[in-house]
2 protein chains.
Amino acid sequence: MSTIRGARERARIEVTAAIKDEARKQLAADGAAKLSLRAVARELGMVSSALYRYFPSRDELLTALIVDAYDAVGEAAETAHRASCDVPPVPAAHLARWIAVACAVREWALAHPHEYALIYGSPVPGYTAPQATVGPASRIGFVFIGIVEDAHRTDGLAVPPLAAELRPEAERMAADFAPDLPPAVVPALVAAWSQLIGLISFEIFGQFNRVVEAREAFFRQAVADLARNVGLLDDRADRTATRSAGA
Amino acid sequence: MSTIRGARERARIEVTAAIKDEARKQLAADGAAKLSLRAVARELGMVSSALYRYFPSRDELLTALIVDAYDAVGEAAETAHRASCDVPPVPAAHLARWIAVACAVREWALAHPHEYALIYGSPVPGYTAPQATVGPASRIGFVFIGIVEDAHRTDGLAVPPLAAELRPEAERMAADFAPDLPPAVVPALVAAWSQLIGLISFEIFGQFNRVVEAREAFFRQAVADLARNVGLLDDRADRTATRSAGA
DNA sequence: GTCTATAACGAGATAGAC
DNA sequence: GTCTATCTCGTTATAGAC
């Protein structure tokens, strides 16, 4: 009896995966706004009404794709983080971990540009993300929070100065997301996260065409600068600014 | 005869504007991917073939909307910049100008979220931006370059350190876009620009929901930190980081 | 119970004849 | 420029196969 249920469930899982795979293909071709249940069904040799056994509506299929994409970036980030903690002979410095995770996110985006656009590009008209997406969406954020918490515990942070008007908001954000961190670093961390996505979006969406050529080197430098903004300390020697001549 | 031609041209300009207005409405409702010449025509009480006398294709209409949007943000930025140069009794400090321009861009985006998504969101499937968009697209960038050049000339800059591997790219970028600036600040400037858009995109696209509440204060702080990354000097007293306790 | 197929709805886009 | 016949879409109701 359990085998029968197992077989059914296995079939169900396979069909569900096939539907999502085909839907992802169509995402790449036509964009999320034009995702069509009928077209997916047609391509799979099914009839459209059969899809409703697997996804109760087009929006639910979209939601599943979005959740998968968030989970995929999140996992790429977590994997890179784990790997960076295991480098012999000693764990990598916190800044190196930060850069490693950022590069992993960028590489996932380069490998999956359409799924990236689905989660970090323009919202799909008429679609509002349900509560189910917020957990997967925040996985990646917690990786960066973890790195900074680690740094705070061991080396300490260069806590960035905080405008007085932002103090209560910083306290609230810290209480919500990272109670172990000094409140001032939490807005800086959220800003750095959005700025990291800004860097990647410009590259993926073509805004760096004819502007930036050495994309990876450029990215690494920018991401290291972001880390400095959140207070990660840099043990390299050559990181002091030089003053350019004024008038 | 010139009056007749003038009247004709005036009519043509009016119809062109009406078409673009209606197209913008549809952008807001259905997204750029579904922009349809027929629907625009229907709404205007015209027949679809008549539209082709104004725009030779759907893509050309899209291009016109994109160029308009880039010009609108560009103009918002330029206006804010001019205003910030005229504050009595003395012109605002360079950091204040940087923040003023960034806020102007953000406010334009909040007022025109769909046009913002058109230029800084996911690319429209099947559409590739023609050369005609690159000029308008770079207007906003040159505003920020101008501010930093000004600062370089008068107060000097805290030139950020540059990784050796990025040196040749920085030289090339500086030669192309800002030959008067120290090469090291040019990649930092381009990065800051993409990061500014990252901040705004997260707000416009809803990624800050349930995360950031005091949006404007948060934005001002983040943008001031970005300015620091490109080397703008801060004359305020309280901008030195404090060291948090490590292990 | 679990699934697929047929048929239909109302709305919208599209192509072509006129 | 107009009208019409034919497509697509999301979605539901229903009937039958395993």
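Labels below follow one simple rule: chain letters A, B, ... track the order of the sequence lines, proteins then strands, and each chain is numbered from 1.
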Looking only at side-chain atoms of [X], point me to the closest of [options].
X	options	answer
A:Val47	D:dT8, D:dG10, C:dA5	C:dA5
A:Ser49	C:dA5, D:dT11, C:dA13	C:dA5
A:Arg8	D:dG10, C:dT2, C:dT4	C:dT2
B:Arg38	C:dT14, D:dG10, C:dT4	C:dT14
A:Tyr52	C:dA5, D:dT12, C:dA13	D:dT12
B:Ala50	C:dA13, D:dT11, D:dG1	D:dG1

Results of salt bridge (charged side-chain N to carboxylate O under 4.0 Å, His left out) for B:Arg58 - residues two or more places apart only: none
With B:Asp30 via salt bridge (charged side-chain N to carboxylate O under 4.0 Å, His left out) - residues at least two apart: none
Counting only side-chain nitrogens and oxygens, does [X] get under 4.0 Å of the OP1 or OP2 atom of [N]?
X	N	answer
A:Ser36	D:dT8	no
A:Arg42	D:dC9	yes
A:Arg12	C:dT2	no

Nearest-Å distance, [atom1] ([X]) to [atom2] ([N])?
X	N	atom1	atom2	answer
A:Arg58	D:dT8	CZ	P	17 Å
B:Lys34	C:dA13	NZ	C1'	12 Å
A:Phe55	D:dG10	CZ	P	14 Å
A:Asp59	D:dT11	CG	C1'	12 Å
A:Glu43	D:dT8	CD	P	13 Å
A:Ile13	C:dC3	CD1	P	11 Å
A:Leu44	C:dC3	CG	C1'	15 Å
A:Met46	C:dT4	CE	P	4 Å

Touch class at under 4.0 angstrom, heavy-atom based, for A:Leu61 against every strand present: nothing
Sugar-phosphate, base or nothing in reach of A:Tyr54, heavy atoms under 4.0 Å: sugar-phosphate
Using a 3.5 Å distance criterion without hydrogens, assess whether the side chain of [X] forms a donor-acceptor pair with backbone atoms of [Y].
X	Y	result
B:Ser48	B:Ala41	no
A:Trp98	A:Val223	yes
A:Glu169	B:Glu213	yes
B:Gln221	A:Ala163	yes

Given DNA chain D, 5'-ward residue of the pair B:Gly45 and A:Leu37, judged by closest heavy atom: B:Gly45
Electrostatic pair A:Arg167-A:Glu171, nearest N-O below 4.0 angstrom: yes
Lys/Arg N to Asp/Glu carboxylate O, A:Asp86 vs A:Arg82, below 4.0 Å: no
Pairing annotation in dot-bracket form, given for DNA chain C with Watson-Crick or G-U pairs under 3.5 Å and | for cross-strand partners: |||||||||.||||||||
